[in-house]
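FYI, side chains are in, hydrogens and waters are out, and symmetry mates aren't considered; it's all heavy atoms of this structure. Here, residue 1 is the first one in the sequence, and each next residue gets the next number.
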Amino acid sequence: MTEDLQEYLLYADGVHKSYPDGRVHALNGVSLGVRDTEFVAITGPSGCGKSTLLNLLGALDRPDSGEIYFRGEPLSTNRNLDAFRARQMGFVFQSFFLLPTLTALENIQVPMFEGERLSSHERKKKAEELLELVGLSGRAQHRSSQLSVGERQRVALARALANDPALLLADEPTGNLDSDNAARVLDLLATLRLERKLSLLIVTHSIEVAERADRIIRMKDGRVLEDSAAVSSKAEVR
């Protein structure tokens, strides 16, 4: 590896991943990095390996070969990835994955049980602050079925911030939203990035999302085709 690891918050070096039993090569030698407070968008056609890569970068899975580093330390030597994820990473998904039996306030507290030890009072207070941050203070006691689609995504975003992560990873975070709600979520992400000094890594098909990024990484057939600074374009991301 020729890259200076100290330059990156997160770095993937020659990562390979196959499914199942090695017959499907999802990733073929992918290398990329994300710097502190940087916003990186990963684009490409369906099946190109974007979500697989996001799972590896988020320590939800391990590569077959290659290495992923966080602040210069290899994840392969980390024996407790659950605790690592809880402390360092937040996740936002297209389908929200809110627990339907819990209120918005309770959903936000779920990751806190894996993070810093907080009392029940401290968890509730922090969840209330996060709901206020995403503009949903008045919806604290509503369950997901009582929330609009846009509100569910904002609750999911608040939940992702529960343990003050350094890196926020999102898989098609605007994919289920109409244009108004998508714009609202993107504006909120931009604000949170500045205020909380977050790094953002987002997988997306949306040109509107990709154009907000500092860099766009384009993938095809499990490989990185292009890694460049984002530029305005009216073309569809493919």
Side-chain angles (χ1 to χ4, degrees), residues 42 50-62 75 78 80-178 180-189 191-193 195-196 198-206 209:
I42 301 177
K50 303 187 302 296
S51 293
T52 297
L53 178 59
L54 196 73
N55 287 340
L56 297 183
L57 294 173
L60 294 169
D61 198 1
R62 292 185 184 270
L75 294 189
N78 191 315
N80 192 346
L81 289 180
D82 290 340
F84 165 77
R85 284 193 305 272
R87 292 192 306 268
Q88 302 292 354
M89 298 185 175
F91 296 87
V92 181
F93 301 98
Q94 180 176 352
S95 297
F96 321 131
F97 295 127
L98 299 179
L99 297 176
T101 59
L102 302 184
T103 65
L105 191 69
E106 291 166 340
N107 264 285
I108 294 170
Q109 294 178 62
V110 170
M112 298 181 195
F113 290 95
E114 292 289 339
E116 180 185 357
R117 291 184 178 180
L118 300 175
S119 68
S120 59
H121 173 74
E122 289 170 328
R123 288 195 301 271
K124 182 180 178 183
K125 184 175 184 296
K126 189 170 187 179
E128 289 172 339
E129 291 170 350
L130 289 169
L131 271 178
E132 183 176 0
L133 187 66
V134 299
L136 291 175
S137 295
R139 310 293 272 172
Q141 299 306 319
H142 289 68
R143 291 180 169 81
S144 59
S145 62
Q146 299 170 305
L147 301 172
S148 71
V149 172
E151 288 171 339
R152 290 177 208 170
Q153 190 59 294
R154 282 187 281 154
V155 171
L157 179 54
R159 180 186 58 190
L161 299 172
N163 290 327
D164 303 307
L167 176 65
L168 190 67
L169 302 102
D171 195 353
E172 298 288 0
T174 62
N176 280 335
L177 306 181
D178 60 33
D180 288 341
N181 276 308
R184 187 170 187 173
V185 167
L186 288 175
D187 289 342
L188 183 56
L189 282 169
T191 299
L192 292 171
R193 176 193 171 200
E195 291 181 351
R196 291 179 164 248
L198 283 169
S199 298
L200 300 179
L201 181 63
I202 296 182
V203 163
T204 184
H205 283 101
S206 167
V209 175

- Task: Kindly write out the residues that satisfy side-chain hydrogen bond (donor to acceptor under 3.5 Å, both in side chains) with S144, not counting sequence neighbours, or none if the list is empty.
- Result: none
- When rounded to the nearest 0.5 angstrom, what is the spacing between OG in S120 and CE in M112? 12.0 Å
- Query: Under 4.5 Å between any side-chain heavy atoms of R159 and V155, yes or no?
  - Reply: no
- T101: side-chain contact (heavy atoms from CB on, under 4.5 Å) partners, not counting sequence neighbours: none
- Can you name the side-chain hydrogen bond (donor to acceptor under 3.5 Å, both in side chains) partners of E114, sequence neighbours left out? none
- Message: Let me confirm one number: the CG-CG distance from L167 to L57, rounded to the nearest 0.5 Å.
- Response: 8.5 Å
- Item | For D61, all residues meeting salt bridge (Lys or Arg N to Asp or Glu O under 4.0 Å), sequence neighbours excluded | K17
- Measure the CG-CG distance between L201 and L54 for me, rounded to the nearest 0.5 Å. 5.5 Å
- Kindly indicate whether the side chain of L192, heavy atoms from C-beta on, has any atom under 4.5 Å from the side chain of L168. no
- Approximate separation, where rounding is to 0.5 Å, of Q146 CD and Q141 CD: 10.0 Å
- Item | Contacts of E106 that satisfy side-chain hydrogen bond (donor to acceptor under 3.5 Å, both in side chains) - sequence neighbours left out | T103
- Query: salt bridge (Lys or Arg N to Asp or Glu O under 4.0 Å) with K126: which residues, sequence neighbours excluded?
  - Reply: D164
- Could you check L56 against L75 for side-chain contact (heavy atoms from CB on, under 4.5 Å), going step by step and ending with a plain yes or no? CA-CA 10 Å; L56 297 183; L75 294 189; over 6 Å; no
- Hey, could you give me the CG/CD1 distance between L53 and I42, rounded to the nearest 0.5 Å? 4.5 Å
- Euclidean distance, L161 CG relative to L198 CG, rounded to 0.5 Å: 6.0 Å
- Note on the structure: Heavy atoms of A182 and L177 approach each other most closely as N-CB, 3.9 Å
- Item | Minimal non-hydrogen separation, N163 against P111, with atom names | ND2-O, 2.9 Å
Tabulate below the donor-acceptor pairs under 3.5 Å that side-chain atoms of residues 84-94 make, not counting sequence neighbours, or state none.
from: R85; atom 1: NH1; to: A59; atom 2: O; distance (Å): 2.5
from: R85; atom 1: NH2; to: D82; atom 2: OD1; distance (Å): 2.3
from: Q94; atom 1: NE2; to: N176; atom 2: OD1; distance (Å): 3.3

- E122 and L118: which non-hydrogen atoms are nearest, and at how many Å? OE1-CA, 3.3 Å
- Worked verdict on V149 versus N181 for side-chain contact (heavy atoms from CB on, under 4.5 Å): CA-CA 8 Å; V149 172; N181 276 308; 5.8 Å; no
- Taking the side chain from Q153 and the backbone from T174, do they hold a donor-acceptor pair closer than 3.5 Å? no
- Query: Where do Q109 and K124 come nearest, in terms of heavy atoms and distance?
  - Reply: OE1-N, 3.6 Å
- Who pairs with L99 by side-chain contact (heavy atoms from CB on, under 4.5 Å), at least two apart in sequence or on another chain? L102, N107, V110
Could you pull out every donor-acceptor pair under 3.5 Å between side chains of residues 128-138 and any protein atom, sequence neighbours left out?
from: E129; atom 1: OE2; to: K125; atom 2: NZ; distance (Å): 2.7

- Query: Quick one: side-chain hydrogen bond (donor to acceptor under 3.5 Å, both in side chains) pairs with a partner in residues 51-60, sequence neighbours left out?
  - Reply: S51-D171
- Query: Looking at residues at least two apart in the chain, or sitting in another chain, which of them share a side-chain contact (heavy atoms from CB on, under 4.5 Å) with R184?
  - Reply: R154
- Between N80 and N78, the two heavy atoms sitting closest are N-OD1, 2.9 Å
- Message: Test of understanding: with salt bridge (Lys or Arg N to Asp or Glu O under 4.0 Å), list the residues that count as partners of E151, not counting sequence neighbours.
- Response: R139
